[in-house]
Amino acid sequence: MNCYCGNLKDYVNCCEKIHKDLTNAITAEQLMRSRYSAFVLANGDFLMKSHHSKTRPTSEKKAIVAWAKSVNWIKLEIIDTTMGLENDTNGTVTFNAYFYQHGKVDVIHEKSAFKKENKHWKYLGLSK
């Protein structure tokens, strides 16, 4: 089975490596994909750990996990990336995350900002 993030690798050889060790996310897109997989798995610990300390919504963790469990995740579609490579310190990833909830398909369309913190990629929030 392919990884939840849409890569052709299986989960163990893809996002699980990043879930176990955040330093395995070499690019912002890899971190984005691993965060999507964490939503699929309702892995709140990883979602908090991979969120930049300046914008981390620790008080919302339970609500985020409850919502992630309440929907059926369909697929992640990466639309665009800017910067976010190994030697960059900032980057963006524009994506669509499709899910099924209350009898209909819905989509999260977002341009996410990523920033390195302690030399590792972290999710900063919505890009302006």
Side-chain angles (χ1 to χ4, degrees):
M1 181 178 122
N2 294 348
C3 189
Y4 305 107
C5 77
N7 276 336
L8 298 179
K9 299 177 188 175
D10 60 6
Y11 170 72
V12 172
N13 292 305
C14 191
C15 288
E16 185 180 53
K17 288 181 175 187
I18 299 170
H19 290 169
K20 287 183 173 180
D21 183 355
L22 195 57
T23 65
N24 286 321
I26 306 301
T27 67
E29 182 179 332
Q30 287 175 331
L31 184 63
M32 174 63 240
R33 288 180 175 278
S34 69
R35 285 180 54 81
Y36 173 83
S37 290
F39 272 100
V40 172
L41 298 169
N43 183 343
D45 290 338
F46 180 79
L47 291 169
M48 292 300 118
K49 183 170 62 173
S50 62
H51 207 291
H52 199 281
S53 65
K54 292 185 180 185
T55 56
R56 186 176 297 138
T58 307
S59 63
E60 298 173 31
K61 179 182 172 185
K62 285 183 182 178
I64 291 167
V65 168
W67 178 77
K69 288 180 177 179
S70 76
V71 303
N72 292 314
W73 295 95
I74 299 169
K75 72 174 181 173
L76 174 67
E77 175 183 55
I78 302 295
I79 297 167
D80 188 37
T81 60
T82 57
M83 299 176 59
L85 299 177
E86 184 174 7
N87 294 321
D88 294 324
T89 56
N90 296 292
T92 65
V93 179
T94 305
F95 67 91
N96 288 328
Y98 296 89
F99 60 94
Y100 186 78
Q101 183 179 34
H102 304 301
K104 66 177 183 139
V105 173
D106 207 344
V107 62
I108 297 168
H109 174 78
E110 184 176 310
K111 182 175 183 180
S112 297
F114 294 86
K115 182 177 179 82
K116 283 193 176 170
E117 182 175 43
N118 300 321
K119 300 182 183 179
H120 305 295
W121 286 110
K122 298 286 183 95
Y123 171 70
L124 191 59
L126 295 176
S127 178
K128 296 175 182 168

Within 6.0 angstrom of Lys49 NZ, more than 12 heavy atoms from elsewhere: yes
Quick one, [X] and [Y] - any side-chain contact, counting heavy atoms below 4.5 Å?
{"X": "Leu76", "Y": "Phe95", "answer": "yes"}
{"X": "Asp106", "Y": "Phe99", "answer": "yes"}
{"X": "Lys122", "Y": "Leu22", "answer": "yes"}
{"X": "Val93", "Y": "Phe114", "answer": "yes"}
{"X": "Ile78", "Y": "Arg33", "answer": "yes"}

I need the minimum non-hydrogen distance between [X] and [Y], along with the two atoms involved.
{"X": "Ser50", "Y": "Arg35", "answer": "OG-NH1, 2.8 Å"}
{"X": "Lys69", "Y": "Ala42", "answer": "CG-CB, 3.4 Å"}
{"X": "Asn96", "Y": "His109", "answer": "OD1-ND1, 2.7 Å"}
{"X": "Thr92", "Y": "Ser127", "answer": "CG2-OG, 3.6 Å"}
{"X": "Leu85", "Y": "Lys116", "answer": "O-NZ, 4.3 Å"}
{"X": "Val40", "Y": "Tyr4", "answer": "CG1-CD2, 3.6 Å"}

How long is the span from the [atom1] atom in [X] to the [atom2] atom in [Y], to the nearest 0.5 Å?
{"X": "Thr58", "Y": "Ile64", "atom1": "OG1", "atom2": "CD1", "value": "9.0 Å"}
{"X": "Asp21", "Y": "Glu16", "atom1": "CG", "atom2": "CD", "value": "12.0 Å"}
{"X": "Glu77", "Y": "Lys75", "atom1": "CD", "atom2": "NZ", "value": "5.0 Å"}
{"X": "Gln30", "Y": "Lys17", "atom1": "CD", "atom2": "NZ", "value": "10.5 Å"}
{"X": "Ile18", "Y": "Cys5", "atom1": "CD1", "atom2": "SG", "value": "8.0 Å"}
{"X": "Glu29", "Y": "Ser34", "atom1": "CD", "atom2": "OG", "value": "11.0 Å"}

Tyr11 and His19 aromatic ring geometry - parallel, tilted or perpendicular at 30°/60° bounds: tilted
Parallel, tilted or perpendicular: ring planes of His51 versus Tyr123, cut at 30 and 60 degrees: perpendicular
Between [X] and [Y] (side chain of the first, backbone of the second, donor and acceptor by atom type, cut-off under 3.5 Å), is there such a pair?
{"X": "Glu110", "Y": "Thr94", "answer": "no"}
{"X": "Trp121", "Y": "Lys115", "answer": "no"}
{"X": "Asp88", "Y": "Asn90", "answer": "no"}
{"X": "Ser70", "Y": "Trp67", "answer": "yes"}

Connected via hydrophobic side-chain network under 4.5 Å: Ile108 and Leu47: yes
Single-linkage hydrophobic cluster Val105~Val107, side-chain heavy atoms < 4.5 angstrom: yes
Within the 6.0 Å centroid threshold, strictly below: Trp73 and Tyr36: yes
Working for side chain to side chain contact (heavy atoms under 4.5 Å, CB included), residues Leu31 and His120: CA-CA 10 Å; Leu31 184 63; His120 305 295; over 6 Å; no
Criterion side chain to side chain donor-acceptor pair (under 3.5 Å) on Glu117 and Ser53, from CA distance to verdict: CA-CA 8 Å; Glu117 182 175 43; Ser53 65; 2.3 Å; yes
Carboxylate-amine/guanidinium contact Lys111 Asp80, below 4.0 Å: no
